[in-house]
Structure formats: C-alpha cells, structure tokens
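All figures in this text were calculated on a predicted structure; none of them were measured in a lab. We count ligands from 1, going down the list as the structure has it; atoms in each ligand are counted the same way.
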Amino acid sequence: MKRRGEKITALTAYDYPTARLLDESGIDIILVGDSVGMVVLGYQDTTRVTLDEMLHHTRAASRGVKQALLVGDMPIHTYETPQQAVETATKFLDAGAQAVKLEGGSSECGNIEAIVAAGIPVMAHIGMLPQHVREEGGYKMKGKTPREAEQLLEDAKCVEKAGAFSVVLEIVIADVAKRITNATAIPTIGIGSGEHCDGQILVTHDLIGLFPWFTPKFVSPQARVSEEIRRAARAFIDRTRNGKV
Ligand code: KIV
C-alpha cells in the first residue's frame with residue numbers, strides 16, 4: 001500500500017463487537033492496544049496492564065475479525081530479553097493475533113530481530129512511548145530538537161533493518177514524521193504526527209467519543225457515543241421509575 005501511495009487505516013479494538021464492527025467497516029489494521037488499560041480498565045496509564053489482560057482482550061477481538069490484520073500490543077515488562085519477547089509474542093499468536101507491536105526504537109532492535117526470526121511479524125512504535133510516560137513526566141511531543149529528530153530517524157531505520165513490517169509514530173512533529181516516512185521503505189502509521197505518514201491510527205474510544213473525560217488534542221471525534229449511552233440510560237431510568245417497560 002505504501003508503494004501504491006494508498007493510505008493505511010488502523011483503529012484499536014479490545015472486544016468482539018467493536019472488532020467485528022471495525023472489520024465490517026473495512027479497516028486495514030485492528031490493534032488490541034494496551035490503551036485498553038486506560039479506556040476500558042480504568043488505569044491511569046498503560047504501565048499497569050498485564051499480559052493476561054492483553055491476551056484476554058486479544059482473544060475476544062480475534063473472534064470478530066475476518067479481513068483486517070490483527071495486531072496484539074505487548075505490555076510493559078513482557079519483552080525485556082529476546083527470549084522473553086519471543087515467548088510473549090508467541091502467546092499473542094496463540095490468542096489469535098497475526099502480529100505484535102512493541103514500544104521502543106534502537107533499544108528494542110534485538111527483541112524485534114528475535115521475534116521476526118521466530119516467524120512473527122512485528123510492528124514497531126517510536127516517538128512518545130506511553131509505557132514510559134512516568135519517566136517522561138507526561139505525553140510530550142517528540143522530534144522538537146534536531147537531536148531528537150535525528151534519534152527518531154535512527155530509531156526508524158534500526159527497526160526497519162531489524163525486520164519490523166511497519167512503525168507507529170506517536171505525537172512526532174509532522175515534518176520529522178515526513179522525513180521518517182520518506183527515509184524508510186516500511187509504512188509509518190501516525191498518531192498525532194501529521195498528514196504525511198503512510199497511515200493513521202487512533203484509539204477507537206477517542207474517535208467515537210466513548211471516553212469523554214479526556215480526548216487528545218489531535219483527535220476530532222466523529223461521534224458522541226458516551227452521550228448516547230447517557231441518554232439511553234436516563235430514558236430507561238425514567239421509564240422504569242414511571243412504571244413503564
Ligand atoms: O495502545 C495503543 O492503543 C497504541 C496506539 C495508540 C498506537 O499503542
């Protein structure tokens with residue numbers, strides 16, 4: 001698709017109905033993201049998400065997917081050595097994923113190589129790394145300084161060389177995302193990284209307005225599902241309290 005100049009579409013799903021609805025809508029990639037920890041499980045960030053939780057949601061989502069590529073997101077502390085990375089990735093395949101994603105650039109290239117050598121496709125993820133939000137002190141834009149931009153380019157080339165089939169660029173300065181996109185043969189999938197990426201990914205809850213307590217600045221919600229839920233719940237409460245069924 002990158003070679004043909006076709007944009008790649010990706011959204012997250014953590015359950016059967018959402019995965020099936022996205023799949024039936026024609027999405028290219030469904031990511032069972034560890035963002036599940038925030039928008040479904042109610043954690044403050046993704047650093048508490050466990051492998052068991054991810055596998056549980058991957059199994060559910062996989063039952064709804066027929067066409068899209070299903071990618072499972074490896075949670076923090078599950079790919080600390082190449083051996084552990086391969087074991088974790090294998091569990092995602094057993095749970096129904098067709099590929100895995102992990103966070104990190106040059107520091108993760110050994111893990112990516114090992115997973116790819118085991119026959120499992122890997123999506124890389126550079127730029128802002130939510131699993132490191134605590135060390136970073138927040139969700140900060142990446143690539144602002146020439147040094148950061150060069151590091152990101154180096155990271156992208158490293159993950160490509162290690163065998164990743166694509167790379168997520170999270171909140172990277174648009175010009176830097178464009179440079180990375182032009183410098184790599186694998187597709188870049190942007191989130192808050194401008195229009196020049198080869199594809200775009202969003203957390204579905206942000207896109208459909210299902211997590212109204214926080215919406216990232218770069219998202220333009222296309223629906224207000226949380227308001228619909230509140231409206232339906234209030235209508236049910238009123239009808240029931242008034243003795244109607
Ligand atoms: O966990 C997730 O949903 C992600 C995407 C935002 C890329 O990593």
Side-chain angles (χ1 to χ4, degrees), residues 7-15 18-19 22 27-51 53-58 60-62 65 68-79 88-89 92 95 97 99-105 108 112 121-134 136 138-142 152 155-156 159 164-172 177 180-181 186-194 197-208 210-211 214-221:
K7 293 285 186 184
I8 299 166
T9 59
L11 286 168
T12 61
Y14 321 106
D15 57 46
T18 311
L22 298 181
I27 199 82
D28 298 310
I29 298 174
I30 294 176
L31 171 70
V32 186
D34 63 357
S35 50
V36 68
M38 297 167 79
V39 299
V40 172
L41 302 177
Y43 298 143
Q44 203 186 339
D45 54 44
T46 62
T47 62
R48 287 183 54 197
V49 177
T50 67
L51 181 56
E53 287 167 341
M54 289 307 302
L55 295 176
H56 171 81
H57 287 280
T58 302
S62 75
V65 178
L69 176 74
L70 187 69
V71 181
D73 207 2
M74 310 224 295
I76 190 166
H77 303 317
T78 66
Y79 49 98
T88 301
F92 273 95
V100 294
K101 178 170 85 59
L102 55 75
E103 293 186 10
E108 298 306 320
I112 295 173
V122 179
M123 176 181 252
H125 181 155
I126 64 173
M128 169 57 208
L129 305 178
Q131 291 176 6
H132 295 275
V133 65
R134 294 191 182 185
E136 297 265 326
Y139 297 90
K140 295 181 187 151
M141 197 91 202
K142 294 288 171 175
L152 285 168
D155 286 340
V159 299
F165 71 88
S166 73
V167 57
V168 169
L169 306 182
E170 180 153 354
I171 46 175
V172 170
I180 295 171
T181 301
I186 56 172
T188 56
I189 311 292
I191 173 162
S193 301
C197 298
D198 297 306
Q200 299 290 333
I201 185 163
L202 282 180
V203 170
T204 296
H205 285 57
D206 296 336
L207 177 71
I208 66 172
L210 185 51
F211 194 78
F214 174 73
T215 307
K217 279 194 216 124
F218 55 81
V219 179
S220 310

Q: Below 4.0 angstrom from a heavy atom of H125, which ligand 1 atoms are there? Numbered from 1 as shown, please.
A: 8 (O)
**Q.** Within-4.5 Å side-chain heavy-atom neighbours: I171 and K142
**A.** no
Q) Using a distance-only test with no angle check, is there a side-chain donor-acceptor pair under 3.5 angstrom linking D206 and T215? A) no
Q) Where does the angle between the aromatic ring planes of Y14 and H205 fall among parallel (under 30°), tilted (30 to 60°) and perpendicular (over 60°)? A) tilted
(Q) Go through it in stages, so that I can follow the logic: the residues are F92 and V71, the test is side-chain contact (heavy atoms from CB on, under 4.5 Å), and I'd like the CA-CA distance, side-chain angles, deciding distance and then a yes or no. (A) CA-CA 9 Å; F92 273 95; V71 181; over 6 Å; no
Q | Identified side-chain contact (heavy atoms from CB on, under 4.5 Å) partner of I126 from the options V172, T188, V168, L169 | A | L169
Q) If we only count N/O pairs under 3.5 Å, is D34 in contact with ligand 1? A) yes
Q: Check if K101 has a non-hydrogen atom at a distance under 4.0 Å from any atom of ligand 1.
A: yes
**Q.** Ligand-side contact atoms (ligand 1) for residue partner I191, heavy atom cut-off under 4.0 Å
**A.** 6 (C)
Q. Counting heavy atoms only, which part of L31 comes closer than 4.0 Å to ligand 1: side chain, backbone, both or neither?
A. side chain
Q: Please name the pair of heavy atoms, one in V167 and one in I186, separated by the smallest distance, quoted to 0.1 Å.
A: CG1-CD1, 4.1 Å
Q.
Considering non-hydrogen atoms of the protein only, which is the closest contact for atom 2 (C) of ligand 1, and what is the distance?
A. S35 OG, 3.3 Å
Q. With atoms numbered from 1 as shown, which atoms in ligand 1 lie under 4.0 angstrom from a non-hydrogen atom of D73?
A. 1 (O), 2 (C), 8 (O)
(Q) Using a 4.0 Å cut-off to any heavy atom of T12, which atoms of ligand 1 qualify? (A) 3 (O)
Q) Counting each atom of ligand 1 from 1 as listed, which ones have a heavy atom of G33 under 4.0 Å away? A) 1 (O), 2 (C), 3 (O)
(Q) When you compare the side chains of E103 and H132, does any donor N or O come within less than 3.5 Å of an acceptor on the partner? (A) no
